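As structure tokens, the structure follows; a few thoughts come after it.
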There are 2 protein chains.
Amino acid sequence: MENSEPVADRGGAKGPRYQALADILQNEIESGVYPVGTRMPTELELCNRFSVSRFTVREALRRMIDNGMILRRQGSGTVVVSKNPTTMFVQKLNSIDELLQYSIDTRLKVKNSAAVEVDANTAKMIGCEPGTSWHKIESIRYLDEKSPICWTDVYVLPEHKSLADRIGEDTTPVFMVLEKEFNVVAEEVTMDLFAGSIEESKAWEMGVEPSSPTLIIVRKYKDQNGRVFEVSVSEHPAGRFTFSIDLLRSSNTD
Amino acid sequence: MENSEPVADRGGAKGPRYQALADILQNEIESGVYPVGTRMPTELELCNRFSVSRFTVREALRRMIDNGMILRRQGSGTVVVSKNPTTMFVQKLNSIDELLQYSIDTRLKVKNSAAVEVDANTAKMIGCEPGTSWHKIESIRYLDEKSPICWTDVYVLPEHKSLADRIGEDTTPVFMVLEKEFNVVAEEVTMDLFAGSIEESKAWEMGVEPSSPTLIIVRKYKDQNGRVFEVSVSEHPAGRFTFSIDLLRSSNTD
DNA sequence: TAAGATAAGATGTACAGACAAATTATATTT
DNA sequence: AAATATAATTTGTCTGTACATCTTATCTTA
């Protein structure tokens, strides 16, 4: 007596068996057979139900992990964490340089370095409470001697203020210096991009008209505990810089 | 006579065997044993050299694929594509909406729709040859009746011009309408963000001063063959819109 | 020479079995 | 009843084998 469902020999569908199995299970999750938060059947149960080997089951579940629908823990089991396959587009960065999007030859030149208590405006921009203590490093990024790319204000924790002395020594990104010197790890980076007008004082330094358009990029670097340990605010005068993102549709064949 | 290298029983290092193997191979790539562009040993050769099963070898190579160091093709082999483990940060999008970054309630209102041959400036901006034929759809994105978010010029292929009639019907993103109606698939999306000044004519429509700062976003949608089938140019007056990216350090434990 | 058929080589898929490691449930002891 | 030890469960790692599928090289033929 056959007690298994036809995964091996389904209609006219082509492709590997684990993909067919993944499709079935994803469908069952979407239709509520295994609600979010509950546990999926064990590998052995799936093997028996569909009459396939553990290899096939694990390969199918691996796809579902990549799609962000399930989560597995050794000894515990498989839990459903999402009804829909997440991550339809993925951005891949090939290097740290692409995160900052400057060629390796640009250099940061420090103009000023001092402790500050952020005012209301700045607090809103960098996402913290007004009056918080930060160490602010004002600097300009140059392509060469006469070509300023952008003005950058770097905010670091007070205990990291000695960082200012190391900026400009080489072309290492600021947050990588922090990682190396102060033993923090950038686990998450949030970037906000918007348009604005440049301040009069900075306009002179950058060699553009006052209140001319700029692309402002605010980067927040968080460590493992979610604490923001660096914020940088960069202002790029129009025409000097383009921020590019390349997104690839992830390999879900759903 | 033992002719294999010790992967199974290395020093005091813990962890699975495939991880040890992956580390060794990554090291050899970095030190130039297998230069970028050349082919790695076959699975069977690695099995023999390290006295491990094909499972272990494939599991190791799978890690290296995830790191973007190698690329494999059935029947062909394994080629090295990068000296360093790539993808240090990954952006995950949970929905199409996050790609466009507009709340689901915004609507596009078509102002004009006509065939055009792009001039030199536009050609440079959207990345094609001057004189190319496109169908241009000018529109404005509104949050509600009186709140324009941005001006958007959508360029689609001439054979897709009937799309203009379907824009604004609902809140479906333009490229998704194309995917559904014309059977194309957005496999890759390239976005360029930069600052600029708004044109006089558009300034009036958007309710801002002429030549005031704008955030310009150019999105190019490519299909499986790499052909660009849609280009959109959005101009967001300063203060109306912020583009956010959230990057997570990828799980490579190298 | 060029086109097509054939063979060889490499990765992909699939099965079965075994043990390791982590978790959870159960039983035991205090 | 609570803490501890034990057993059962579940996923992780690993080996071996077999065949399928795709690619590339080689041979054959027109």
Side-chain angles (χ1 to χ4, degrees), chain A residues 2-10 12-25 34 37-66 68-81 251 253, chain B residues 2-10 12-25 34 37-66 68-81 251 253:
Chain A
E2 254 311 330
N3 203 9
S4 72
E5 303 175 36
V7 180
D9 48 294
R10 59 209 163 102
K14 299 283 188 297
R17 213 168 291 181
Y18 59 75
Q19 186 62 59
L21 178 53
D23 290 342
I24 293 175
L25 294 175
Y34 310 117
T38 66
R39 299 166 69 113
M40 296 255 311
T42 67
E43 294 181 356
L44 215 55
E45 287 170 334
L46 292 173
C47 289
N48 294 331
R49 173 177 164 200
F50 295 102
S51 291
V52 294
S53 69
R54 242 187 106 199
F55 170 87
T56 303
V57 169
R58 287 178 63 80
E59 211 64 26
L61 293 178
R62 179 173 261 171
R63 262 73 187 172
M64 298 170 70
I65 293 174
D66 293 342
M69 300 185 73
I70 62 173
L71 202 137
R72 321 192 71 206
R73 255 169 50 239
Q74 182 175 166
S76 175
T78 305
V79 289
V80 183
V81 294
S251 49
T253 48
Chain B
E2 255 310 332
N3 203 9
S4 73
E5 302 176 36
V7 180
D9 47 296
R10 61 208 163 102
K14 299 285 187 297
R17 213 166 291 180
Y18 58 74
Q19 186 62 57
L21 178 53
D23 290 342
I24 293 176
L25 294 176
Y34 309 117
T38 65
R39 297 164 72 109
M40 295 255 311
T42 67
E43 293 180 356
L44 215 57
E45 287 170 334
L46 292 173
C47 289
N48 293 331
R49 174 176 162 201
F50 295 102
S51 290
V52 294
S53 70
R54 243 187 104 198
F55 169 87
T56 304
V57 168
R58 287 177 64 80
E59 211 64 26
L61 293 177
R62 181 173 259 171
R63 263 69 186 175
M64 297 170 70
I65 293 175
D66 292 342
M69 300 185 73
I70 62 173
L71 202 138
R72 322 192 72 205
R73 256 170 50 240
Q74 180 177 168
S76 176
T78 306
V79 289
V80 182
V81 294
S251 50
T253 48

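What you see is a predicted model, and the numbers here were worked out from it, not measured in a lab. A, B, ... follow the sequence lines: proteins, then strands. Residue 1 opens every chain. Side-chain atoms are counted along with the backbone in the values below, which use heavy atoms only and exclude waters and symmetry mates.
A sub-4.0 Å separation between OP1 or OP2 of C:dT13 and a side-chain N or O of A:Thr56 is absent. In this structure, B:Arg17 does not reach the D:dT13 phosphate: none of its side-chain N or O atoms is under 4.0 Å from OP1 or OP2.
Looking at A:Leu61, A:Asn48, A:Thr78 one by one, the single match for side-chain contact (heavy atoms from CB on, under 4.5 Å) with A:Glu43 turns out to be A:Leu61.
In this structure, the side chains of A:Arg72 and A:Arg58 come closer than 4.5 Å at one or more pairs of heavy atoms.
A search for salt bridge (Lys or Arg N to Asp or Glu O under 4.0 Å) contacts involving A:Arg39 returns nothing, not counting sequence neighbours. Legend: residues meeting side chain to side chain contact (heavy atoms under 4.5 Å, CB included) with B:Arg73, ordered by chain and number and at least two apart, are B:Ser76. Applying the side-chain hydrogen bond (donor to acceptor under 3.5 Å, both in side chains) test to B:Tyr34 and every residue at least two apart in sequence or in another chain returns B:Glu28, B:Arg49. The side chain to side chain contact (heavy atoms under 4.5 Å, CB included) check on B:Leu44 picks up B:Thr42, with sequence neighbours excluded.
The distance between atom CG of B:Leu46 and atom P of C:dA10, rounded to the nearest whole Å, is 11 Å. Going from atom CD of B:Glu59 over to atom C1' of D:dT15 covers 13 Å, rounded to whole Å. Distance, A:Phe55 CZ to D:dG16 P: 17 Å, rounded to whole Å. For the pair B:Arg63 CZ and D:dT13 C1', the computed distance is 10 Å after rounding to whole Å.
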> If the sugar-phosphate is the primed atoms plus P, OP1 and OP2 and the base is the rest, what is the B/S/- string for nucleotides 6-12 of chain D, using protein heavy atoms under 4.0 Å?
Replying inline: ----BBB
